[in-house]
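So the structure is just underneath, and the comments pick up after that.
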Amino acid sequence: MAFPWWHLIVVFNVIFGGMELWFDPLARSGPEAMAVDEWLLEQGKQPVLRIYRWDGAWGSLGYFGKLSEAMEGLPGVDLVRRWTGGGIVD
């Protein structure tokens with residue numbers, strides 16, 4: 001059974017109160033997506049959970065991630081490095 005998209009926002013607001021939920025309307029390349037994340041951080045008004053899509057076959061790896069592991073785990077995928085930590089995201 002499908003439910004209206006705004007139910008997700010209501011549930012999100014109840015659970016995460018002070019965080020903004022932003023559905024990015026555009027699919028973006030890896031470097032462009034990382035630039036949007038940096039821009040959101042620089043705004044610094046409140047925490048933001050950004051829901052996004054890649055434009056093409058992209059994966060990202062954290063600042064300290066090993067490029068060789070990312071290339072092995074995501075063969076044939078373009079990679080971009082995040083300036084934050086964490087693992088591989090595809």
Side-chain angles (χ1 to χ4, degrees):
M1 178 172 158
F3 59 90
W5 64 269
W6 55 268
H7 279 189
L8 177 62
I9 294 174
V10 170
V11 170
F12 183 86
N13 286 336
V14 168
I15 295 172
F16 296 105
M19 185 182 295
E20 181 179 348
L21 178 61
W22 185 46
F23 288 95
D24 192 336
L26 301 175
R28 300 177 189 274
S29 69
E32 186 179 11
M34 297 304 103
V36 170
D37 283 348
E38 186 173 357
W39 176 80
L40 288 169
L41 179 65
E42 289 172 355
Q43 301 308 304
K45 296 176 184 166
Q46 66 186 29
V48 175
L49 174 62
R50 177 173 158 243
I51 308 298
Y52 65 92
R53 297 173 292 137
W54 295 118
D55 181 16
W58 284 92
S60 69
L61 65 151
Y63 186 78
F64 296 105
K66 294 182 180 177
L67 182 58
S68 60
E69 289 178 8
M71 292 173 66
E72 184 179 315
L74 298 172
V77 172
D78 291 321
L79 297 167
V80 64
R81 187 175 295 276
R82 295 186 310 279
W83 43 274
T84 59
I88 299 169
V89 177
D90 65 340

Donor-acceptor contacts, no H, no angles, side chain residues 35-45, under 3.5 Å, sequence neighbours left out:
unit_1, atom_1, unit_2, atom_2, d
D37, OD1, R50, NH1, 2.6
Q43, NE2, W39, O, 3.4

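Contacts of P31 classified as side-chain contact (heavy atoms from CB on, under 4.5 Å), with partners at least two apart in sequence or in another chain: S29, W58, V80. Here R53 pairs with nothing under the salt bridge (Lys or Arg N to Asp or Glu O under 4.0 Å) rule; sequence neighbours left out. In this view, E32 and R28 satisfy the side chain to side chain donor-acceptor pair (under 3.5 Å) rule, not counting sequence neighbours.
Counting heavy-atom neighbours within 6.0 Å of M71 CE, excluding the residue itself, gives a total of 12 or less.
Here salt bridge (charged side-chain N to carboxylate O under 4.0 Å, His left out) pairs that include residues 63-76, with residues two or more places apart or in two chains, number zero. Within the structure, the side chain to side chain donor-acceptor pair (under 3.5 Å) test picks out the following pairs touching residues 73-90 (sequence neighbours left out): S60-R82.
Closest of all the heavy-atom pairs between A27 and W54 is CB-O, 3.7 Å. When all heavy atoms of L79 and A70 are compared, the closest pair comes out as CD1-CB, 3.8 Å.
Y52 and L49 are not part of a single hydrophobic cluster, where members link through side-chain heavy atoms under 4.5 Å apart. W22 and L26 fall into different hydrophobic clusters, where Ile, Leu, Val, Met, Phe, Trp and Tyr are joined by side-chain heavy atoms under 4.5 Å apart, directly or via other members.
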